[in-house]
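Notes to accompany the following structure.
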Amino acid sequence: MSGSQRPVRVRIAPSPTGDPHVGTAYIGLFNLAFARKHGGKFILRIEDTDQTRSTRKSEEMIFRSLRWAGIAYDEGPDIGGPFGPYRQSERLPLYQKEAAELVRRGNAYKCTCTPERLEALREEQKKAKQNPGYDGRCRDRDPAEVDKEIAGGAPHVVRLKVPREGVTVVTDLLRGRVEFENKGIDDQVLLKTDGFPTYHLANVVDDHHMQITHVIRGEEWITSTPKHVLLYAGFGWEAPEFCHLPLLRNEDKSKVSKRKNPTSLVFYERCGILPAALRNYLGMMGWTMPDGREVFTLDEMIANFDLGRISLGGPVFDLKKLFWLNGKYLREVVSTEDYLAALRQSQASDEYLKKVITLVKERVDKLEDFFDYGSYFFCGSVRCDVKELVPKGRTADEIAGALAELVERIDKQFAWNKDVLEQMGRTLADEKGWKAKDLFAPIRVAITAKNATPPLFDTMELIGKEVCRRRLREAIALLRAPPAKDPTPPKAAN
RNA sequence: GUCCCCAUCAUCUAGAGGCCCAGGAUGCGGCCCUUUCAAGGCUGAAACGCGGGUUCGAAUCCCGCUGGGGACACCA
């Protein structure tokens with residue numbers, strides 16, 4: 001363990017690929033608490049080394065959501081700092097230089113194996129019931145020969161040269177000593193063909209150059225930590241302390257996922273969870289106040305923060321308890337003035353109201369009917385009638401299946417606007433060979449619980465992805481639920 | 001499959017050898033309060049996965065099993 005007394009610097013390093021994740025806020029909160037407790041700095045670094053998936057839109061949403069949640073960082077792409085740039089795509093020369101250095105030191109090597117060969121290799125290994133992993137073909141070749149091939153135009157990557165013998169020890173602040181046999185560690189790609197680093201390289205290089213002292217991250221990373229340890233050693237750098245936090249879980253204990261839980265921070269903002277309540281709730285995932293208090297502020301958490309109080313069982317993210325806690329804040333700590341302000345901001349901003357007005361004004365002729373007509377613009381769930389969900393000639397099963405398919409496509413599609421939605425809807429209807437209205441009518445009912453509404457996709461765009469997604473899922477559940485109990489149930493035939 | 005991590009009520013957890021026939025909170029049931037619904041108060045059901053050790057004594061330490069999770073990409 002390093003005995004250095006460097007000033008504490010910690011970071012979170014989300015990748016901007018999709019909606020801002022509640023797990024990012026969770027890990028961020030613990031990093032923040034740790035940094036504050038020790039008078040250190042908390043940094044946000046954007047890990048956008050995956051060119052195919054990273055987007056600026058997603059990155060902006062991360063900034064926004066963290067700001068909303070009150071998880072404030074001291075340094076980051078949008079606010080700068082002395083160790084920038086804080087976006088990995090802007091640090092490329094550094095990784096390339098360091099990768100070359102590692103090759104020079106003999107701890108990494110160039111590899112010209114094609115993705116096709118690797119794919120075939122994996123297939124073979126799978127068939128032979130061996131563990132998948134790089135076979136070291138280029139590792140054992142004469143470097144001059146490989147260089148010649150590269151000079152001739154062959155694309156190449158740089159791989160970590162993992163010792164074939166021995167063990168690599170990871171020291172985790174919560175778990176102690178964890179050993180990994182080197183022969184079980186793959187020769188990880190460090191620099192991709194496109195010249196971008198992989199997570200492993202970028203992460204280690206940046207943590208070193210940004211003088212990160214403690215890496216506090218999700219448990220999912222623990223098995224790749226030996227690679228990082230090897231990298232630090234390979235560079236001759238002092239490694240930071242590692243601390244792997246338990247993962248947030250779905251009800252079935254699997255890693256929290258959007259299929260089974262709302263994972264987007266946007267969801268929590270939209271449904272009116274108070275940032276203070278969210279922080280409080282996240283703070284009790286795996287951690288407790290020494291006196292057992294369940295309601296506490298961020299400052300109180302910081303004052304009492306101690307990694308040693310973290311319990312290692314993966315906590316199930318329980319929406320019900322979050323809602324209870326939020327209710328407690330709403331009724332006990334928020335003044336009527338603050339309540340009004342929060343309501344205006346979260347449920348009825350002028351901006352939002354204006355958009356609703358443009359959709360509703362031509363369909364209503366007395367103001368008193370406004371909220372009734374457009375009730376679905378102002379609520380979370382909508383109680384729709386199962387029977388209304390199923391058009392004539394279609395079965396509940398079919399509709400449930402179609403809506404489920406729609407939700408899946410929504411999940412894959414980051415963008416959200418009426419054109420995208422309409423195209424998605426029409427494509428789905430076409431694929432099923434359905435008339436558009438056989439699909440659109442159930443969607444309308446699922447989203448609004450009504451048959452008469454403004455144009456469906458305008459309505460959905462305005463209501464937003466998070467709320468629409470939730471309502472769709474609720475409709476699916478309704479369709480798949482066993483039929484409501486009949487007072488006089490017919491005798492079952494089987 | 002291989003490697004790694006984890007293991008107290010349904011859920012979040014307290015518990016670092018005797019204070020524990022296990023405490024708090026959510027959720028669930030009951031009662032009270034109340035014009036209603038909430039909220040609030042009181043109250044009930046509800047857990048140390050199993051088997052071996054160590055010890056005068058184990059939820060707490062050790063080992064095994066079982067169970068759960070995670071990781072095995074030119075994604076992070």
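Heavy-atom basis, side chains included; hydrogens, waters and symmetry copies ignored. The chains referred to below are lettered A, B, ... by the order of the sequence lines, with proteins before strands, and numbering in each begins at 1.
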May I ask you to test the [X]-[Y] pair for a side-chain heavy-atom distance under 4.5 Å?
X        : Y        : value
A:Asn250 : A:Ser257 : yes
A:Glu98  : A:His209 : yes
A:Val158 : A:Leu102 : no

Taking the [atom1] atom in each of [N] and [M], what is the distance between them to the nearest angstrom?
N     : M     : atom1 : result
B:U2  : B:G15 : P     : 36 Å
B:A39 : B:G23 : C1'   : 25 Å
B:A73 : B:G68 : P     : 23 Å
B:A38 : B:C33 : C1'   : 13 Å
B:U26 : B:G44 : P     : 15 Å
B:G41 : B:A47 : C1'   : 26 Å
B:C12 : B:C21 : C1'   : 24 Å
B:G70 : B:C31 : P     : 43 Å

Of the nucleotides B:G24, B:A14, B:C5, which one has an atom closest to the side chain of A:Glu294?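 Per side-chain heavy atoms of A:Glu294, the pick is B:G24.
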
Now, which nucleotide makes the Watson-Crick or G-U wobble pair with [N], with each of the two distances under 3.5 Å?
N     : answer
B:U36 : none
B:A16 : none
B:C28 : B:G44
B:C3  : B:G70
B:C21 : none
B:G57 : none
B:G51 : B:C63

Quick one: on RNA chain B, does A:Leu322 or A:Pro315 contact a more 5' nucleotide (nearest heavy atom)?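 Result: A:Pro315.
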
I need the [atom1]-[atom2] distance between [X] and [N], as an integer number of Å.
X        : N     : atom1 : atom2 : answer
A:Lys321 : B:A10 : NZ    : P     : 15 Å
A:Glu332 : B:A38 : CD    : C1'   : 13 Å
A:Gln130 : B:C3  : CD    : P     : 15 Å
A:Lys328 : B:U26 : NZ    : P     : 7 Å
A:Lys183 : B:C3  : NZ    : C1'   : 11 Å
A:His228 : B:C4  : NE2   : P     : 18 Å
A:Asn280 : B:A25 : CG    : C1'   : 12 Å
A:His244 : B:C5  : NE2   : P     : 12 Å

Classify [X] by what it touches in the nucleic acid, base, sugar-phosphate, or nothing, heavy-atom distance under 4.0 Å.
X        : value
A:Gly218 : nothing
A:Gly313 : sugar-phosphate
A:Phe317 : nothing
A:Arg309 : sugar-phosphate
A:Glu179 : sugar-phosphate

Cation-pi, A:Phe83 ring and A:Arg9 (6.0 angstrom, 45 degrees):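 Checked: cation-pi criterion met.
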
Report yes or no: is the cationic atom of A:Arg249 (NZ for Lys, CZ for Arg) closer than 6.0 Å to the six-membered ring centre of A:Phe317, at no more than 45° off its axis?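 The answer is no, since A:Arg249 fails at least one limit relative to A:Phe317.
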
Using a 4.0 Å cut-off on protein heavy atoms (strictly under), produce a 5'-to-3' string for nucleotides 65-76 of chain B with B for base contact, S for backbone-only sugar-phosphate contact, and - for none. ---SSBSSSBBB

Nearest non-hydrogen partners of A:Ser15 and A:Ile62, listed with the distance: O-CD1, 4.1 Å

What distance do A:Leu265 atom CG and A:His21 atom NE2 have between them, rounded to the nearest 0.5 Å?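 Spacing of CG (A:Leu265) from NE2 (A:His21) equals 8.5 Å.
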
Do the two ring centres, one from A:Phe305 and one from A:Trp287, sit under 6.0 Å apart?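 Judged by ring-centre distance (under 6.0 Å), A:Phe305 and A:Trp287 do meet the cut-off.
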
Residues forming a ring-ring contact (aromatic ring centres under 6.0 Å, His included) with A:His156, sequence neighbours excluded: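 A:His156: no ring-ring contact (aromatic ring centres under 6.0 Å, His included) contacts found.
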
